[in-house]
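What follows is a set of notes on a single structure, which appears directly below.
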Amino acid sequence: MSKILSVSELYMDYGQGNVLNGISFEVEAGQIIGYIGPNGAGKSTTIKIFLGIITNYKGKVEIFGEDIRGKYLYKRKIGYVPEVIELYESLTAMEYLNFVGQLYGLDEETVKKRSLELIEIFDLKDAINSRLSTYSKGMKQKLAIISSLIHNPDLLFFDEPLTGLDANSATIFKELMKELKKEGKTIFYSSHIMEVVEKVSDRIILLNKGTIVADGPFEELAQKLKQSNLEQLFNELTGFTNHQEIAKEVVKVIKGEKDEG
Ligand SMILES: Nc1ncnc2c1ncn2[C@@H]1O[C@H](COP(=O)(O)OP(=O)(O)OP(=O)(O)O)[C@@H](O)[C@H]1O
């Protein structure tokens with residue numbers, strides 16, 4: 001198997017200390033990687049570096065065998081669903097996809113054909129000519145997913161792709177990840193929905209405070225740490241066990257029972 005992504009001693013500091021502390025790993029083509037970690041661990045930062053959105057990092061990132069620093073053509077073979085979706089709200093879905101498709105170097109006819117077909121499949125046909133400002137959260141998410149796939153990329157970065165999707169659409173998306181994998185695509189999937197990550201990932205990378213604290217297939221990690229599911233494994237490795245006490249504290253505060261004698 002060939003290496004599609006290689007990360008070596010990656011550091012990032014926004015100005016208040018390192019949010020990535022020299023992480024290193026390699027990804028083989030055709031795998032689904034579940035990239036997980038607590039809020040603020042550095043997951044989105046890592047993905048933004050891969051996408052060339054953040055450039056002032058230290059270390060080396062190679063994608064498709066080439067150092068990405070200063071490069072942009074590699075992005076034509078990459079698809080990305082960002083955590084926070086910002087679409088051009090005054091455009092319609094067709095106009096937006098036409099714009100995205102052309103950025104990826106597709107000809108107009110191909111973009112139009114694929115857009116119409118994907119819009120139909122994702123059940124957005126009724127809103128095809130509506131401005132994106134009128135789209136619901138889930139509809140915007142579906143459009144972001146379509147945009148990430150329209151150019152048939154080899155490597156996909158999904159940052160919380162299920163946000164806002166209804167149960168049926170989320171199930172379709174999970175199946176879609178499996179089908180993409182069958183096609184040999186590589187998927188780097190970041191999410192807080194542990195059940196899904198556990199089910200679809202060939203390998204889990206767990207980031208805590210900018211450091212990788214676990215890396216391997218779920219079964220292997222589960223056996224090593226004697227945990228039966230990814231949520232427990234996550235709690236164990238991030239050293240977090242006082243969930244119930246925190247919930248109780250919140251209720252005490254709102255009832256006015258905390259530190260008030
Ligand atoms: N543009 C920025 N400027 C300054 N600090 C930032 C910026 N973006 C992220 N950070 C900080 O970097 C750290 C990592 O953030 P990041 O968004 O990568 O975490 P994450 O693991 O994706 O978290 P979440 O699960 O909450 O999305 C956090 O402490 C965050 O406050």
Side-chain angles (χ1 to χ4, degrees), residues 4-27 31-63 68-69 71-72 74-75 77-88 100 137-138 140-149 153 155-165 170 173-174 177 180 185-198 200-201 203-215 230-231 234 237-238 240:
I4 204 158
L5 169 65
S6 172
V7 181
S8 170
E9 289 292 305
L10 188 62
Y11 289 86
M12 178 61 200
D13 180 354
Y14 288 103
Q16 288 169 319
N18 282 333
V19 299
L20 293 178
N21 292 311
I23 60 171
S24 301
F25 59 87
E26 289 183 331
V27 174
Q31 285 199 324
I32 301 181
I33 307 294
Y35 195 50
I36 59 171
N39 292 132
K43 303 178 299 295
S44 296
T45 299
T46 320
I47 294 175
K48 285 180 189 162
I49 291 172
F50 298 161
L51 267 294
I53 298 166
I54 293 174
T55 54
N56 56 335
Y57 59 89
K58 283 194 194 128
K60 191 170 174 187
V61 176
E62 288 179 318
I63 294 182
I68 62 164
R69 212 177 266 283
K71 308 274 183 13
Y72 60 91
Y74 74 98
K75 293 187 208 176
K77 292 191 283 173
I78 284 181
Y80 174 42
V81 175
E83 184 181 29
V84 179
I85 292 167
E86 285 170 30
L87 303 170
Y88 294 100
V100 171
K137 188 169 173 48
K140 286 182 182 169
Q141 192 71 21
K142 287 179 181 179
L143 194 63
I145 293 168
I146 295 174
S147 312
S148 76
L149 295 170
L155 173 60
L156 285 141
F157 293 100
F158 292 136
D159 199 351
E160 284 297 352
L162 301 179
T163 310
L165 294 186
F173 187 82
K174 284 179 253 169
M177 281 202 277
L180 290 167
K185 313 281 185 198
T186 310
I187 301 176
F188 199 83
Y189 172 46
S190 182
S191 174
H192 292 296
I193 309 175
M194 294 296 109
E195 304 93 283
V196 180
V197 177
E198 181 183 322
V200 302
S201 305
R203 170 180 164 199
I204 310 277
I205 298 179
L206 173 50
L207 192 69
N208 192 23
K209 297 181 183 147
T211 299
I212 293 173
V213 293
D215 182 351
L230 189 56
E231 191 175 320
F234 183 99
L237 285 168
T238 54
F240 203 90

* Could you walk me through whether Thr55 and Ile49 pass the side chain to side chain contact (heavy atoms under 4.5 Å, CB included) test, one step at a time? => CA-CA 6 Å; Thr55 54; Ile49 291 172; over 6 Å; no

* Asked: Under a 4.5 Å cut-off applied to non-hydrogen side-chain atoms, are Phe50 and Phe188 in contact?
  -> yes

* **Main-chain N/O of Ile85 paired with Lys140 side-chain donor or acceptor, under 3.5 Å** => no

* Structure fact -> Leu207 and Gly42 have their tightest heavy-atom pair at CD2-C, 3.5 Å

* Is the backbone of Leu156 close enough, under 3.5 Å, to the side chain of Lys185 for a donor and an acceptor to pair up by distance? -> no

* Asked: Does the side chain of Phe157 reach to within under 4.5 Å of the side chain of Val81, using non-hydrogen atoms?
  -> no

* Listed once per pair and sorted, the salt bridge (charged side-chain N to carboxylate O under 4.0 Å, His left out) pairs that draw on residues 31-42, sequence neighbours left out -> none

* Are more than 12 heavy atoms from other residues, nucleotides or ligands located less than 6.0 Å from atom NZ of Lys71? -> yes

* Is there a donor-acceptor pair closer than 3.5 Å between any side-chain N or O of Glu26 and the backbone N or O of Val7? -> no

* CD1 on Ile47 to CD on Glu160, rounded to 0.5 Å -> 9.5 Å

* Asked: Going by heavy atoms in the side chains, are Ile36 and Ser190 under 4.5 Å from each other?
  -> no

* If you measure from CG on Asp215 to CD1 on Ile205, what distance do you get to the nearest 0.5 Å? -> 4.5 Å

* For Thr211 and Ile23, what are the C-alpha separation, side-chain angles and deciding distance, and is it a side chain to side chain contact (heavy atoms under 4.5 Å, CB included)? -> CA-CA 6 Å; Thr211 299; Ile23 60 171; 5.5 Å; no

* So how far is it from Ser6 OG to Glu62 CD, rounded to the nearest 0.5 Å? -> 5.0 Å

* To do: Salt-bridge test for Asp159 and Lys43: reply yes if a basic N is under 4.0 Å from a carboxylate O, no otherwise.
  => no

* Asked: Side-chain contact, heavy-atom cut-off 4.5 Å: Thr163 with Lys137?
  -> yes

* Would you mind reporting whether Tyr80 and Lys75 have side-chain heavy atoms less than 4.5 Å apart? => no

* To do: Keeping the roles fixed (side chain from Glu231, backbone from Met194), state whether a donor-acceptor pair exists under 3.5 Å.
  => no

* Structure fact -> Between the CD1 atom in Ile212 and the CD1 atom in Ile204, the distance rounded to the nearest 0.5 Å is 13.0 Å

* To do: Might you work through the side chain to side chain contact (heavy atoms under 4.5 Å, CB included) test for Ile33 and Ile187, ending with a clear yes or no?
  => CA-CA 6 Å; Ile33 307 294; Ile187 301 176; over 6 Å; no

* Structure fact -> Minimal heavy-atom distance between Tyr11 and Glu9, with the atoms involved, is CD1-O, 3.3 Å

* Atom pair OH (Tyr57) and CZ (Arg69), whose distance is rounded to the nearest 0.5 Å -> 4.0 Å

* Beyond-backbone contact of Leu237 with Asn208, side-chain heavy atoms, under 4.5 angstrom -> no

* Please assess Ser44 against Glu83 for the test side-chain hydrogen bond (donor to acceptor under 3.5 Å, both in side chains), listing each intermediate value before the final yes or no. => CA-CA 7 Å; Ser44 296; Glu83 184 181 29; 3.0 Å; yes

* If you measure from CD1 on Ile193 to NZ on Lys174, what distance do you get to the nearest 0.5 Å? -> 8.0 Å

* Take Tyr189 and Ser201 through the test side-chain hydrogen bond (donor to acceptor under 3.5 Å, both in side chains) and record every step on the way to the result. => CA-CA 8 Å; Tyr189 172 46; Ser201 305; over 6 Å; no

* Counting distance only, does the side-chain N/O of Asp13 pair as donor-acceptor with the main-chain N or O of Gln16 below 3.5 Å? -> yes

* To do: Over all heavy atoms of both residues, which pair between Pro153 and Gly79 is shortest? Give the atoms and the distance, please.
  => CB-N, 3.5 Å

* I would like to know whether Lys58 and Leu10 meet side chain to side chain contact (heavy atoms under 4.5 Å, CB included); could you show each step before the answer? => CA-CA 6 Å; Lys58 283 194 194 128; Leu10 188 62; over 6 Å; no

* Pairwise side-chain contact, Leu165 with Lys142, heavy-atom cut-off 4.5 Å (strictly under) -> yes

* How far apart are the closest heavy atoms of Ser191 and Val197, and which atoms are they? -> CB-CG2, 3.9 Å

* Asked: Does the cation-pi check pass for Arg203 over Tyr35, that is, NZ or CZ under 6.0 Å from the six-membered ring centre and within 45° of its axis?
  -> no

* Asked: Any chance the side chains of Thr45 and Tyr14 put a donor and an acceptor closer than 3.5 Å?
  -> yes

* **Heavy-atom check, side chain of Leu162 versus side chain of Val196, under 4.5 Å** => yes

